Amino acid sequence: MDLFFFLLFAIFAIVCAVNVVLQTHPISSALSLVGVMGSLAILYLLLGAEFIAMAQIIVYAGAIMVLFIFVIMLLNAGGESKRGLSVTSSILGAPLLVAFLGLIAYFVQRAFPNAPAVKFGNFTGGSAESVGRALFTRYLLPFEVTSVLILIAIVGAVVLARKEID
Amino acid sequence: MEFIVISLIKIALVAFVLLTTLAYLQWVERKVIAHVQVRMGPSRVGPHGLLQPLADVIKLITKEGVMPPHVNKVFYLLAPFLAVFMALMSITVIPFGGEIKAFGYSTWMQLTDLNVGILFILALSSLGVYGIALAGWSSNNKYSLLGGLRSSAQMISYELPMSLAIAAPLLLAGTLSLRKIVESQAGYSFGFLPHWAIFQGPFPQVFSFFIFLIAAFAETNRIPFDLPEAENELVAGFHTEYSSMTFAAFFMAEYANMITVCSMTTILFLGGWTPLFPESLGSNFVAPLIFFVAGAIALYHGLHPARPFDRFTLPFFGLVFFAIAGLFLIPVLRQFLMPLFWYAAKTGFLLFVFIWIRATLPRFRYDQLMDFAWKFLFPAALLNLLVTSFLVAWFA
Amino acid sequence: MLSQLQGGVPLSWYLVLSAVLFTLGVAGFLFRRNIITVFMSIELMLNAVNLTFITFSYQLKEVNGHIFAFFVMVVAAAEAAVGLAIILTVFKNRGTLNIDEIDSMKN
């Protein structure tokens, strides 16, 4: 059952990621990226990270990507025009990429031969309570610093995007 | 194996009840708004207009689905699907009652209980924005685009005070799982006051209740926050170019969101399926009493009918109500029906408040709406969370 | 091998998936000309890295990987906000989103 869900959502994630790179119109890329984030959230659930899975959907897919889609809709700039590819790159491109990825896969497999298999329910330390406990005790300083970071981002975004007052 | 069969039975039951409720919620809305405006509402199709939703469904299915030219077909068709999917998925984690035992199997009156149930519902409402934004954009129409963008901006702005208003009773309950939140609100203090989050010390969650309710109105695009889809504003906003089944999908999504949000309010603040006063004070007899009184009223009006065939239909309804009152008195069925009755009563009351406010209030202008979210509700929710966490830590 | 897989999914498969997503993100970053698509490829890379963090957190049975993934998400949010504001300003000034045409400081 774990294998079935992993393969289903991993293949969905890869298809959506390929779509992000290949689509001409930015909105299609953005929606494919939302698909990637959704399937990654389910893979996090399989790995026992329930809080991070929900945070991924609420923050990444539900806020950041909505921001992307807003900007794309407001700018309304249309799709990219297709440039011509050179003959070499169109013949060699995809097979070389697949070969490169195969090499990475082989080396990763060799580096972790005895790693524990991922079974749903083996790791229960990803609950909201354990994440919260770690955030407020051991990682308190980075937590407070990120709140300042978000404040800076808000002020920066407002300053950059407002209309000039003449 | 039995887990799968029981789950399938529960899913079929919940789906059937939910879809019927969606249809009849529209009937209730039209009748209530009509009576507020001193008129009758649907009364021709079936007795008291009860078959009106059926007529509407048939009309919407058989209507011609016009797809305008130059729309982006993929997104045009994907948008209502996304909206309905996110709206209906929220029902899977809502607890309708406690544990029930029947035929040797025991199960919970809830489709599934996630450890992070509240976050799941928040995630689904965040994803619900996509349906509206895509509908507005793909329609290739400036009114739709503006309506879609305004509606999405309104929804994401009001998500913030909503999340903060949710966080405060979670501090009192101490868990994110919806079942455990309801269980933490069981019990009675002073013998009669229920342990609901609104009444619970150290800080009764009255402010959170109102902030959540206001944010819920905005999240579901209901009056007074329905400028993006109002008909005399942007020509119906983001669903201008949608007809027949796709329009019905958005409609269904809006009502399903309303039901979800009212269910969340009852679970977080009003104690879910727990009764208002303890059984020792007779809370088991509230349900049969209400249905008995309803049946008596129906029978009385059947004797002095306002319309000719009310002479037959009203006594029939009266007998149906008496039968339901009798069902509530059977002890074996009580473990199913009592929690369901209390849950339905509270959610139904909140839905009535939604409909009541729709009939009464005018709508906000868009800049007033956004000002209200960012300059009043968000600081208020933040302050409320601060006070709650301080008091909880003090009295821990 | 199928019986071996009944024990669960091998951990290295998650790492391979993360590597594949990261490579696709790099490919999008290098080859696309629309500035928003480039930005989205960056987000894809960050997501791939998050998956690696969570996977190793599972292997070491600790919660620290989750905390790192959480901080990566927060930083990505801040970066997206400011980056999109910059893109809006660039579009207002240059009228194009093609990075080949925004290549000089001269207006």
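Proteins come first, then strands; the chains are lettered A, B, ... in the order of their sequence lines, and each starts at number 1. In what follows, every heavy atom counts, from backbone to side chain, and hydrogens, waters and symmetry copies are set aside. On a predicted model such as this, the values are computed, not experimentally measured, just so you know.
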Determine whether the side chains of C:T55 and C:T52 contain a donor N or O and an acceptor N or O closer than 3.5 Å.
no
Which of the residues [options] is involved in the greatest number of heavy-atom pairs with chain A at under 4.5 angstrom?
| options | result |
| --- | --- |
| C:L51, C:I87, C:L46 | C:L51 |
| C:M73, C:E79, C:E62 | C:M73 |
| C:F71, C:F91, C:F70 | C:F71 |
| C:N47, C:I36, C:T89 | C:N47 |

Measure [X] against the heavy atoms of chain C and call it side chain, backbone, both or neither at under 4.5 Å.
| X | answer |
| --- | --- |
| A:F5 | neither |
| A:R133 | neither |
| A:M1 | neither |
| A:I104 | side chain |
| A:L43 | both |

Which atoms of [X] approach chain A - backbone, side chain, both or neither, heavy atom under 4.5 Å:
| X | value |
| --- | --- |
| C:L97 | side chain |
| C:F56 | side chain |
| C:L17 | side chain |
| C:Y14 | both |
| C:E43 | both |
| C:L21 | side chain |

Flag if over 12 foreign heavy atoms under 6.0 Å of CZ, A:F120:
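12 or below, so no.
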